[in-house]
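Written below as structure tokens is the structure these notes are about.
Quick note: numbers below take in every heavy atom, side chains included, and nothing from hydrogens, waters or symmetry partners. All chains are named by letter (A, B, ...) in the order of the sequence lines, taking the proteins before the strands, and each is independently numbered beginning at 1.
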Amino acid sequence: MEINAQTTEKVQKNFLEEIIENDLKEGKVQSIQTRFPPEPNGYLHIGHAKSICINFGLARQYGGKTNLRFDDTNPVKEDTEYVDSIKEDIHWLGFDWAEEHYASDYFEQLYDWACELIKKGLAYVDDQTNDQIRENRGTVQTPGINSPFRDRSIEENLLLFEQMRQGKFNDGEKTLRAKIDMAHPNMHMRDPIMYRIIHAHHHRTGDKWCIYPMYDFAHGESDSIEKITHSICTLEFDIHRPLYDWFINALGIYPSHQYEFARLNITNTVMSKRKLLQLVKENYVAGWDDPRMPTICGLRRRGYTPESIRKFCEDIGVAKRDNLIDYSRLENALRDDLNKKANRVMAVLHPIKLIIDNYPENQTEELEAVNNPEDESKGKRKISFSRILYIEQDDFMENAPKKYFRMTIGQEVRLRYAYIVKCTSCEKDDNGNVVAVHCTYDPATRGGDTPDGRKIKGTIHWVDANNCINAKVNVFDRLFNAEKPDEVEEGKTFLDNLNPNSLTVLTDCKLEKSLLTAKPLDKFQFERLGYFSVDYDSTQENLIFNRTATLKDSWAKQK
RNA sequence: UGUCCCAUGGUGUAAUGGUAACACAGCAGAUUUUGGUUCUGUCGUUUCAAGUUCGAAUCUUGAUGGGACAACCA
């Protein structure tokens, strides 16, 4: 039965798998070669993770290879800082590339191919200004008009292009354009610019070049050089495909093919690099790796595991229709992973004192607690118990509803791994806030068992007030209040949808002592609360935890 | 008032002319020393219209809705 279910699941192929299997079957390709082509101008985000999982995953699945290629054709935006972070993030996600390339490594070849196109009468140097080019391109509804420089001789074009390379002209003075069709319904085919002049330092080629190829004249050609069989990208490049094919065809080079899938969108999240950059630059978040950011490094700092991100990417599938994935899908993948892996510990985030009036004043006990009920191999540990404990504010209610199973006067509750206690009274401050709760314990219930077999509905967590450690805990909420932060009314921006309460810092949290040696990125389940990960800034003296995700809470729903 | 892409439960994703299904979410119940986990059950779907066909989610045409395209960005 189970085998059957698995088999059916595997039979369900996405459209990329179908294309690949077909190409393999028909002998169109012997093996597949994909690539992941980031521009080093920003940090990778969860949308890139989808692309990474697709490109590396497909190659892995069909015994092919994946290259990492930096699409570094615009020196004014790119930087090695980004190159390093991108490589780190891909590795962290659990993938490794066959070859590492840079579009800039191909500049000489690209230059030669541009000359070849000139010689074939398929490219020309244009003297028009930026504005003129834009005006003469027409609009989506009206054809453009030919450049007055469109019919220069091949010799003149060759000379001018060489002079462009030599630095004889200023930025913007001239461009090299493909000669296609200024009336083409697809704007990208209206004599697209192949090269522009930029006198800028490039992170790899330094000052060697002052002309740089455009995306459209670099990407497909780089694919072709690397013999990429399946060049997989997002839907917005669909409209570029005719041009991708046109260049490859005009050059007569290895015919890579482009396929497009729908990019990932997640509720209450923005995914554009420009907007993420803005959040960082304008200090709406603490940096690219702020745990509220959908960046890979942000998710990592938040406590997400590579496995959970990969599982998420697998869960959401691949297709061509627009999608908006609920953020909870990501949390589900995380819970699913950490439920099996994270050790349980006890921690109180909003402490109030619980005083066990009939417990001996100077007594301390060591009680046994299970580290992970899902994994017996994780063993057990000892936790300290004495007369005064901390419990969660939420776990006491003076006037509780009928279905409240926790601490309320007259009701019995289990202290996890400790004793059954009966709540007797509470103390309040002048403002009427409960500051301490009193109870009595039943010595016969050590460990939390009920020898008489009586049923105890509620179990709450606690820490020993005399034997615990303090910590700071960052509690995160969605960064944006709106499900689609980009959809704003006139005069507003996505920034107006920012959630002012996306970060709550709790400074008075009480943790069981075993957490003292926790190291950055260590992950735990705080029993009944959620999954928490140690922050980079955490030290033994100043412990800092990030809440990755809460546990599912069916009580919260009932309220 | 252009061209191209897309349209299946609440959200995603399958079904490749032959019984519309799977996951998540929801709801109900069972289990439980985490109101967690696990298990069981349940709700609910082909945008519309016409055509082709014995038979259409699937093919055709049209409509409607969503998206992309007018950077010397990628």
Under 4.0 angstrom between [X] side-chain N/O and [N] OP1 or OP2:
X	N	result
R321(A)	U13(B)	yes
R263(A)	A68(B)	no
K557(A)	G35(B)	no

Could you please name the option among [options] that lies closest to any side-chain atom of [X]?
X	options	answer
R344(A)	G36(B), A74(B), C72(B)	G36(B)
K320(A)	C6(B), G35(B), C72(B)	C6(B)
R416(A)	A14(B), U34(B), C72(B)	U34(B)

Nucleic acid contacts - residues 129-140 of chain A versus RNA chain B, non-hydrogen atoms under 4.0 Å: T129(A), N130(A), I133(A), R134(A), R137(A), G138(A), T139(A), V140(A)
Residue closer to the 5' end of RNA chain B, F526(A) versus F15(A) (nearest nucleotide): F15(A)
Where the chi angle of A71(B) falls, syn if within 90° of 0 and anti if not: syn
Short side-chain to backbone donor-acceptor contact, T80(A) and V83(A), under 3.5 Å: no
Rounded [atom1] spacing from [N] to [M] in Å:
N	M	atom1	value
A57(B)	C69(B)	P	34 Å
G51(B)	A68(B)	C1'	30 Å
A15(B)	G9(B)	C1'	15 Å
U47(B)	A7(B)	P	9 Å
U32(B)	U37(B)	C1'	8 Å

5'-to-3' dot-bracket of RNA chain B (Watson-Crick, G-U; under 3.5 angstrom; crossing pairs as [ ]; | other strand): .((((((..((((....[..)))).(((((.......)))))....(((((..]....))))))))))).....
Donor/acceptor link under 3.5 angstrom from H188(A) side chain onto base of A71(B): no
Any N/O donor-acceptor pair, Q141(A) side-chain to U3(B) base, under 3.5 Å: no
Aromatic-base stack, Y215(A) on A74(B), cutoff 5.5 Å, angle under 30: no
Exercise: do R329(A) and N332(A) side chains pair donor with acceptor under 3.5 Å: no
Sugar-phosphate, base or nothing in reach of R406(A), heavy atoms under 4.0 Å: base
Between C1' of G2(B) and CD1 of I239(A), the distance in whole Å: 11 Å
